[in-house]
Amino acid sequence: MKIGSPVFLLFFCFSGFAQTLKKVDVFSTKGKTATVFTTAENTNLRLQKTQVDLQFTELKQPMETQLCVFVNPTKTFQTYLGIGGAITDASAEVFAKLTKENQQEFLNAYYNKEKGIGYSIIRTNIHSCDFSSGSYTYVAEGDKDLKTFNIDHDKTYRIPLIKKAIATAGGKATVYASPWSPPAFMKDTNSMLQGGKLLPEYYQAWANYYIKFIKSYEKEGIPIWGLTVQNEPMAKQTWESCIYTAEEERDFVKNFLGPSLKKAGLGDRKLTVWDHNRDLMTQRASTILDDPEASKYVWGIGFHWYESWSGGASMFENVGKVHEMYPEKNLLFTEGCVEKFDYSKLQLWVNGERYGESMIQDFNNGTVGWTDWNVLLDQNGGPNHVGNFCFAPLHGDTRTGTLIYTPSYYYIGHFSKFIGKEAKRVSSVSSRSSLVTTSFLNQDGKVVTIVMNKTDKELDYNLCIETEATSIKILPHAIQTILF
């Protein structure tokens, strides 16, 4: 197309008109009201509607003394993928021990948007992890050609639960899988536990293993949306684990896993690297994504929150730095839980607040999806074959077959229940550090604003959109979702 041609001029005029329309597009609160849902400590409020039909009135210029949450729905950012949790062997085994009534309650509580909190993401393990009753693989010892590959083990508990979860979610869910270790014979330590490395002569066999897994699960009616290359590749754990340096993960993706998926007709499956803590994610991202041949196979960077396990700070800003460096790639929170299970702390409020703050900060730094760890554990924080007992949002007491809801469940629900598929994150900022906030614009035009108060004080704040505002009260140690 030549500059100055009639076609170019028409294109230029139309493009300018479209840009002008975009610039004057505004979000109006006129004639609209807000509804507030609240969960708060030392109350019975759990995802409960606490204020309705809140009116917006003029507030052109807030005063310095006024606490405000400023939301600008015209400033949009990443597209929301979803929120969910991991269906591990442990979760599936505990589920099987619940009463039939509580099994259905569990399914509705997580995967039904109306009756529960609307999970849409499912992570699962490729053969065993620590949250399995024992170590196992899908092949016989030494079977490099994978002739004995089968997923019969998973057909007892895990596959049936995943199918029920997908059905309860309306027939669709984003399912992705992660390995904790290759089979022992493929590693330099000849053990699935305590770290070790994948031997070079088994790189291709291990790449083929992922493909066998995908095809086997899809044969069972479970579509696999994506994979992570390796769970926690820099952690030597007492359970199933395998070490990859950044260069080793890059080369495995570039030379084996990526090409093998493509050759098998699975090139559209989303491949996520790192799958470990926020602390080292910038180095891992740079090493892999600065290599064009590796980067072309990578959908995104996965990360966990355990860098703060010893009392250190959560490195939320590292998530934002990766997003700044590689805006074309996606960020996915792939695992987080509260460790060191203690039955007496099942209702510890700070556990829920950890979820709320992490989700707000991660989404504000560009994350598209957020995946909790086990969706269900027993009254001991397991089963776990190496004694690594942890908390989950829901626990099933296998002695009575009943469900126990924790604060974490409700905090997660303030996001997953209200944010819709393909929503866009929009600008949301608090004028004081006493409140943290994030907002999304759903496809139906509704704004979802989450506000969290970690202080010991009841606070009054203005929810401000353009020159309009409505006044809202938030209790101490509370989280709110406001819909308008």
Side-chain angles (χ1 to χ4, degrees), residues 35 37-39 44-50 80-124 131 157-176 221-223 225 337 346-347 351-352 355-356 359 369-379 391-421 423 442 444 446 448 450 479 481 483:
T35 302
F37 296 81
T38 301
T39 294
N44 292 323
L45 298 175
R46 300 292 182 269
L47 275 170
Q48 240 164 302
K49 196 180 290 186
T50 51
Y80 173 78
L81 176 67
I83 290 169
I87 295 181
T88 57
D89 292 313
S91 295
E93 289 169 26
V94 175
F95 174 82
K97 294 177 182 178
L98 298 177
T99 65
K100 292 296 182 185
E101 294 78 13
N102 284 320
Q103 285 183 348
Q104 190 58 54
E105 181 185 335
F106 166 87
L107 291 167
N108 288 336
Y110 271 127
Y111 302 102
N112 186 300
K113 196 92 168 178
E114 300 303 318
K115 297 178 181 178
I117 61 175
Y119 269 14
S120 59
I121 290 179
I122 297 170
R123 185 192 190 203
T124 198
F131 280 92
Y157 298 113
R158 187 145 50 103
I159 286 174
L161 177 53
I162 293 173
K163 286 182 175 181
K164 288 175 182 177
I166 293 172
T168 309
K172 289 184 179 179
T174 300
V175 182
Y176 70 97
I222 300 173
W225 170 85
C337 75
L346 275 173
Q347 300 304 326
N351 290 351
Y355 277 85
M359 295 176 81
W370 214 91
T371 324
D372 184 37
W373 189 204
N374 300 277
V375 291
L376 181 68
L377 294 173
D378 66 17
Q379 69 276 6
F391 290 87
L394 292 182
H395 284 262
D397 192 327
T398 58
R399 300 166 297 188
T400 60
T402 57
L403 280 174
I404 303 166
Y405 292 75
T406 75
S408 302
Y409 170 84
Y410 298 103
Y411 270 75
I412 296 169
H414 274 273
F415 301 79
S416 60
K417 185 175 180 67
F418 302 102
I419 306 170
K421 186 179 179 182
N442 283 338
D444 63 3
K446 288 184 180 177
V448 181
I450 295 108
I479 186 169
T481 300
L483 302 182

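Two residues are said to be in side-chain contact when any heavy atoms from C-beta on lie closer than 4.5 Å; Thr398 and Val94 meet this criterion. Within the 4.5 Å cutoff, the side chain of Tyr410 has no heavy atoms near those of the Ile479 side chain. Contact of the Val448 side chain with the Phe415 side chain is not registered, since no non-hydrogen atoms from C-beta on lie closer than 4.5 Å. Looking at Leu376 and Leu403, their side chains come closer than 4.5 Å, going by heavy atoms from C-beta outward. Between Phe391 and Cys337 there is no side-chain heavy-atom pair separated by less than 4.5 Å. Looking at heavy atoms from C-beta onward, Asn102 lies in side-chain contact with Thr402 at the 4.5 angstrom threshold. Contact of the Thr39 side chain with the His414 side chain is registered, since non-hydrogen atoms from C-beta on lie closer than 4.5 Å. When side chains are defined from C-beta on, Ser120 does not count as touching Lys421, because their heavy atoms never get closer than 4.5 Å.
Side chain of His395 to backbone of Ile404: no donor-acceptor contact under 3.5 angstrom is found. Proximity of a side-chain donor or acceptor of Tyr409 to a complementary backbone N or O of Ala109 within less than 3.5 Å is detected. Looking only at distances, no side-chain donor or acceptor of Asn374 sits under 3.5 Å from a matching main-chain atom of Ser91. The backbone N or O of Gly221 sits nowhere less than 3.5 Å from a side-chain atom of Lys163 that would complete a donor-acceptor pair.
Results of the side chain to side chain contact (heavy atoms under 4.5 Å, CB included) test with Ile122 over Thr174, Leu161, Ile166 single out Ile166 as the only residue that passes.
Applying the salt bridge (charged side-chain N to carboxylate O under 4.0 Å, His left out) test to residues at least two apart or on different chains, none of the pairs has a partner in residues 94-122.
For Tyr176 and Thr124, the side-chain atoms include no donor-acceptor pair closer than 3.5 Å.
Closest heavy-atom contact between Thr400 and Thr99: O-CG2, 4.4 Å. Across all their heavy atoms, Arg123 and Trp373 have their closest contact at NH1-CZ3, 3.8 Å. Summarising the geometry of Thr88 relative to Phe131, their closest heavy-atom pair is CB-O, 3.8 Å, with the distance given to 0.1 Å.
Here Phe106 pairs with Phe95, Tyr110 under the ring pair (Phe, Tyr, Trp, His ring centres under 6.0 Å) rule; sequence neighbours left out. The ring pair (Phe, Tyr, Trp, His ring centres under 6.0 Å) test applied to Tyr157 returns no partner, not counting sequence neighbours.
The CG atom of Leu346 sits 9.0 Å away from the CG atom of Asn351 when rounded to the nearest 0.5 Å. Distance CG/Leu98 to CG/Leu394: 9.5 Å, rounded to 0.5 Å. Taken to the nearest 0.5 Å, the OG atom of Ser416 stands 14.5 Å off from the OH atom of Tyr411. Note that CD1 of Ile121 and OG1 of Thr371 are 4.5 Å apart. Values are rounded to the nearest 0.5 Å. To the nearest 0.5 Å, atom CH2 of residue Trp370 and atom CD1 of residue Ile83 are 8.5 Å apart. Taken from CG in Leu47 to CZ in Phe37, the straight-line distance is 8.5 Å, to the nearest 0.5 Å.
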**Prompt:** Could you go step by step and tell me if Tyr80 and Asn442 meet the side chain to side chain donor-acceptor pair (under 3.5 Å) rule?
**Reply:** CA-CA 9 Å; Tyr80 173 78; Asn442 283 338; over 6 Å; no
